[in-house]
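Worksheet for the structure shown next.
Values in this document were obtained by computation on a predicted structure and should not be read as measured data.
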Amino acid sequence: MICQKFCVVLLHWEFICVITAFNLSYPITPWRFKLSCMPPNSTYDYFLLPAGLSKNTSNLNGHYETAVEFNSSDTHFSNLSKTTFHCCFRSEQDRNCSLCADNIEGKTFVSTVNSSVFQQMGANWNIQCWLKGDLKLFICYVESLFKNPFKNYKHKVHLLYVLPEVLEDSPLVPQKGSFQMVHCNCSVHERCECLVPVPTAKLNDTLLMCLKITSGGVIFQSPLMSVQPINMVKPDPPLGLRMEITDDGNLKISWSSPPLVPFPLQYEVKYSENSTTVIREADKIVSATSLLVDGILPGSSYEVQVRGKRLDGPGIWSDWSTPHVFTTQDVIYFPPKILTSVGSNVSFHCIYKNENKIVSSKKIVWWMNLAEKIPQSQYDVVSDHVSKVTFFNLNETKPRGKFTYDAVYCCNEHECHHRYAELYVIDVNINISCETDGHLTKMTCRWSTNTIQSLAGSTLQLRYRRSSLYCFDIPSIHRISKPKDCYLQSDGFYECVFQPIFLLSGYTMWIRINHPLGSLDSPPTCVLPDSVVKPLPPSSVKAEIIKNIGLLKISWEKPVFPENNLQFQIRYGLSGKEIQWKMYDVYDAKSKSVSLPVPDLCAVYAVQVRCKRSDGLGLWSNWSNPAYTVVMDIKVPMRGPEFWRIINGDTMKKEKNVTLLLKPLMKNDSLCSVQRYVINHHTSCNGTWSEDVGNHTKFTFLWTEQAHTVTVLAINSIGASVANFNLTFSWPMSKVNIVQSLSAYPLNSSCVILSWILSPSDYKLMYFIIEWKNLNEDGEIKWLRISSSVKKYYIHDHFIPIEKYQFSLYPIFMEGVGKPKIINSFTQDNTEKHQNDAGLYVIVPVIISSSILLLGTLLISHQRMKKLFWEDVPNPKNCSWAQGLNFQKKMPGTKELLGGGWLNQ
């Protein structure tokens with residue numbers, strides 16, 4: 001039965017809320033308001049009646065109210081008949097109930113619970129509503145004001161709400177059943193929390209609500225309430241409350257706005273200062289997220305709290321933030337740290353407190369790193385307690401171990417506090433170099449940080465500003481600029497790419513060093529992409545040695561871009577691991593080839609070419625890929641090979657086998673190769689023929705006639721050598737002997753001196769052939785061709801002193817080979833003589849040097865003895881017995897004057 005009655009009550013209550021919507025709803029205020037329900041016969045002493053309401057009537061005319069009635073069938077309340085409670089809203093500012101436009105007929109609700117207490121005193125609740133800072137939930141707190149003995153009653157609170165689609169000047173009545181009901185959480189005693197979800201799109205719509213409160217078995221209903229959620233926002237408390245001393249010596253209180261707030265906020269800041277000399281409190285409202293407090297003192301404690309509220313329009317103050325405490329030190333530096341660049345001027349301020357007493361600024365002295373006292377000429381007295389020191393034209397800070405700053409100390413006349421200010425001075429001269437690629441599509445800029453001191457926590461960023469056309473004469477940093485992403489390369493440089501580019505636009509750029517202490521900018525530089533073009537290297541580079549001329553010809557093709565006139569630079573050298581380059585410049589922009597002399601025409605040369613604008617702007621291109629010459633025959637061989645012979649056969653017979661020994665031609669003589677050798681024969685009987693011996697260096701033929709002349713030619717792809725050696729084998733000339741003597745003197749194991757003496761001859765001597773061999777071995781003979789004017793020759797070879805060698809000297813005439821002089825051993829007597837002569841050459845200079853040294857010693861000793869001797873002889877003019885005597889007069893019996901120093905005995 002009780003459950004059925006309760007359901008009927010809910011249906012009636014919802015119907016009443018719908019009916020109430022025909023009337024004006026109560027506008028919810030940003031502050032707390034009260035719901036009061038009173039019995040009909042209550043007096044003002046127990047309950048505050050609405051204005052204009054008779055104490056003896058149950059008809060409330062013109063109030064926001066509803067009626068709560070009940071009849072009791074319980075035997076305990078058989079003496080009670082129908083009782084009606086009238087409920088209305090009133091604010092804390094207005095103690096009267098709010099007025100209503102129409103009468104509202106009371107309804108009866110059945111309750112089986114003793115309500116005599118409510119009949120006597122009525123019921124009151126404090127209500128406060130707001131929109132949570134995340135803009136998702138509308139919250140209403142309902143707090144019971146029941147006094148004892150009602151505190152043990154259990155409360156049940158439900159909130160019915162609706163968000164109509166459209167609300168114009170005249171309210172639109174919601175349909176019955178359109179209200180939604182939420183159960184309020186009353187876990188906290190005498191306080192219930194009602195949460196209404198509000199879609200973001202409906203924050204500006206009007207929300208209609210009713211409260212249903214069940215307490216002590218009695219169901220109370222509130223008048224209809226209305227509110228726009230956006231006007232009831234209660235932000236979250238401000239975040240990140242912090243305090244610091246500014247560079248001007250003020251205390252800066254700063255914080256962050258709570259997130260998700262759709263409008264600007266105003267803030268209320270309350271703070272207190274507690275020091276040994278003053279205690280003060282303040283409360284200020286600001287629109288910014290910071291507040292400056294002046295007049296700070298060392299050794300003071302500051303406690304701060306902040307809350308926020310909508311700046312324009314209605315709203316609710318947030319809760320206070322968590323208290324934050326900041327304590328100043330006994331020595332205050334402002335600023336405490338300075339980051340600056342080389343050449344700048346900076347200043348520090350200081351307030352010094354010593355033993356609870358602030359030191360006069362006139363008694364403050366300043367020190368750098370506690371090692372260097374700063375001159376008083378750099379001091380300034382700002383006030384009675386604030387001293388200032390200024391540094392001019394600063395130099396870069398030199399790191400001292402882990403310290404990358406200079407410590408600046410503020411001291412009184414007798415001592416220094418351990419706290420100090422930090423001065424960071426950085427050289428920000430960073431060179432930025434740029435180049436535009438050969439396709440004129442992008443510009444790459446590079447810069448390095450190796451020249452500047454690195455600070456922990458700092459970041460570097462390239463910033464730039466592009467002008468419409470060209471660069472200004474003096475580049476400057478513009479307040480509006482753009483950052484550019486740069487990436488560290490393996491060589492330690494940062495690289496940034498601008499693409500696309502405007503060739504004639506000026507790009508003013510600089511490096512910004514960002515640090516918690518501030519930011520510094522490097523000197524700006526302006527770059528015109530058209531002026532830093534790095535062309536593509538020349539293409540189709542070729543290198544060759546020109547036939548019959550013998551010059552190195554180098555040819556190339558210029559790149560398509562840029563279209564400016566170009567100059568070229570060539571480097572060439574002998575190909576190898578380490579090429580020794582030679583440079584050659586070509587300034588004619590129309591040139592596409594050049595011919596250069598080279599010392600070795602038969603070597604492989606490597607050649608590279610690069611280019612640059614002729615007007616001096618831009619950069620040199622990269623070197624082209626190397627081109628190499630190909631070794632090929634340039635001319636006919638300069639000469640034929642040198643050769644000698646070995647004659648075998650019986651000396652008594654006229655037929656002998658002659659073996660020719662050819663020395664292969666070097667490249668410089670063959671120009672540049674030898675394909676084969678050709679031997680031309682000419683005999684005394686006018687027999688002439690040629691034999692091709694290919695590349696062989698030995699050839700044997702039969703010598704049968706009285707005279708046989710042999711000439712050897714070298715053949716390459718171009719032709720035969722013009723200048724050639726020939727050798728005539730003649731029986732009569734083989735008996736011509738002009739070499740009287742031949743001597744061989746070994747100097748060491750690698751050199752033998754060969755000397756000879758010739759006798760006069762009527763034949764024309766052309767040259768000599770020296771031939772030697774080791775008689776203890778079967779090795780081939782060795783030979784050399786030397787000039788006919790030489791009388792002594794040094795043979796360099798490996799000689800073993802205990803071995804036996806044969807030396808032969810052949811005179812070569814125009815008519816043929818003469819008779820040789822042959823020796824089979826070294827010349828012994830002359831060897832000893834040469835060795836003695838060598839010793840003499842060493843001893844004689846030593847003797848001469850010693851004699852000169854001895855003579856000099858004797859001369860010096862003589863002068864010193866003479867000086868010592870005459871110092872002891874008195875001057876006769878100073879003697880009394882010699883007064884009046886003429887010492888220049890010759891005495892009888894003497895050969896010299898007395899003054900000459902010689903006496904005749």
Side-chain angles (χ1 to χ4, degrees), residues 547-548 633-738 761-771 780-781 783-788 808-820:
K547 288 184 177 181
N548 300 321
D633 293 334
I634 307 301
K635 298 180 180 179
V636 297
M638 296 179 65
R639 61 177 179 84
E642 294 183 9
F643 63 94
W644 184 230
R645 89 294 179 272
I646 299 175
I647 299 178
N648 296 318
D650 190 352
T651 57
M652 301 303 294
K653 295 181 179 181
K654 292 186 179 181
E655 293 184 359
K656 295 180 177 64
N657 289 324
V658 178
T659 300
L660 300 182
L661 306 176
L662 281 62
K663 285 187 177 180
L665 285 181
M666 304 299 291
K667 287 184 177 181
N668 290 340
D669 293 326
S670 62
L671 296 176
C672 290
S673 65
V674 175
Q675 295 181 354
R676 66 188 189 277
Y677 295 106
V678 174
I679 300 176
N680 292 334
H681 297 269
H682 182 75
T683 64
S684 56
C685 295
N686 294 326
T688 301
W689 71 95
S690 297
E691 291 182 284
D692 191 338
V693 298
N695 285 323
H696 297 291
T697 57
K698 283 186 180 182
F699 175 73
T700 302
F701 67 93
L702 185 62
W703 174 23
T704 61
E705 299 189 22
Q706 183 178 3
H708 191 133
T709 302
V710 177
T711 303
V712 182
L713 288 72
I715 310 296
N716 65 11
S717 62
I718 296 180
S721 56
V722 178
N724 301 296
F725 293 96
N726 55 49
L727 189 62
T728 300
F729 303 97
S730 173
W731 293 339
M733 291 303 298
S734 62
K735 299 178 181 179
V736 176
N737 184 13
I738 66 170
S761 173
D762 294 333
Y763 298 98
K764 184 178 180 181
L765 182 65
M766 297 176 58
Y767 55 88
F768 292 103
I769 294 293
I770 296 176
E771 186 182 281
E780 295 183 352
I781 65 171
W783 60 276
L784 287 171
R785 186 176 69 89
I786 60 176
S787 174
S788 60
S808 303
L809 181 66
Y810 290 85
I812 310 299
F813 302 102
M814 181 72 71
E815 294 81 0
V817 180
K819 185 178 181 179

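If you take CH2 on Trp703 and OG1 on Thr683, they are separated by 12.5 Å, rounding to the nearest 0.5 Å. For the atom pair OG1 of Thr659 and NZ of Lys698, the computed distance is 8.0 Å after rounding to the nearest 0.5 Å. Within the model, atoms CG of Asn680 and CG of Asn726 stand 10.0 Å from one another, a figure rounded to the nearest 0.5 Å. One finds the CE atom of Met814 at 10.5 Å from the OG1 atom of Thr709 (value rounded to the nearest 0.5 Å). Distance check: Leu702 CG to Glu655 CD gives 5.0 Å after rounding to the nearest 0.5 Å. Distance check: Met766 CE to Leu727 CG gives 9.0 Å after rounding to the nearest 0.5 Å.
For Asp762, the CG atom counts as loosely surrounded, since its 6.0 Å shell holds 12 or fewer non-hydrogen atoms of other residues, nucleotides or ligands. Open room surrounds NZ on Lys547; 12 or fewer heavy atoms of other groups in view lie less than 6.0 Å from it. For Met666, the CE atom is loosely surrounded, since the number of other residues' heavy atoms within 6.0 Å does not exceed 12.
Judged by distance alone, with hydrogens and angles left aside, the side-chain atoms of Asn737 form no donor-acceptor pair with the main-chain N or O of Lys735 at under 3.5 Å. Put simply, the side chain of Asn724 never gets that close to the backbone of Thr711: no donor and acceptor are under 3.5 Å apart. Under the 3.5 Å distance criterion, the side-chain polar atoms of Asn716 are matched with a main-chain donor or acceptor of Ser670. Counting only distance, with no hydrogens or angles, the side chain of Asp633 and the backbone of Ser717 share a donor-acceptor pair below 3.5 Å. Side chain of Glu705 to backbone of Cys685: a donor-acceptor contact under 3.5 angstrom is found.
Of all non-hydrogen atoms in Tyr767 and Ile786, the two that sit nearest each other are CB-O, 3.2 Å. Scanning both residues, Gly694 and Asp692, for their nearest heavy atoms gives N-OD1, 2.9 Å. Scanning both residues, Arg639 and Asp669, for their nearest heavy atoms gives NH2-OD2, 3.2 Å. Of all non-hydrogen atoms in Leu713 and Ser721, the two that sit nearest each other are CA-OG, 3.7 Å. What you find for Ala714 and Pro637 is that their closest heavy atoms are O-CG, 3.5 Å. The minimum heavy-atom distance linking Trp731 with Thr704 is given by the pair CH2-O, 3.3 Å.
With sequence neighbours excluded, no residue forms a salt bridge (Lys or Arg N to Asp or Glu O under 4.0 Å) with Lys819. Checked against ring-ring contact (aromatic ring centres under 6.0 Å, His included), Phe725 has no partners two or more places apart in sequence or in another chain.
Note: His681 and Phe699 have tilted aromatic rings, judged against thresholds of 30 and 60 degrees for the angle between ring planes. Ring geometry for Phe813 against Tyr763 counts as tilted: the plane angle lies between 30° and 60°, on a 0 to 90° scale.
Using a 4.5 Å heavy-atom threshold, the side chains of Thr728 and Glu815 count as separate. At least one side-chain heavy atom of Phe701 sits less than 4.5 Å from a side-chain heavy atom of Phe729.
In the model, His682 has a side-chain atom that pairs as donor or acceptor with a side-chain atom of Thr688 under 3.5 Å.
Ring to ring, Tyr810 and Trp644 are close: their centroids are under 6.0 angstrom apart.
The side chain to side chain contact (heavy atoms under 4.5 Å, CB included) with Val693 is formed by just one residue from the set Ile679, Val712, Leu660; it is Ile679.
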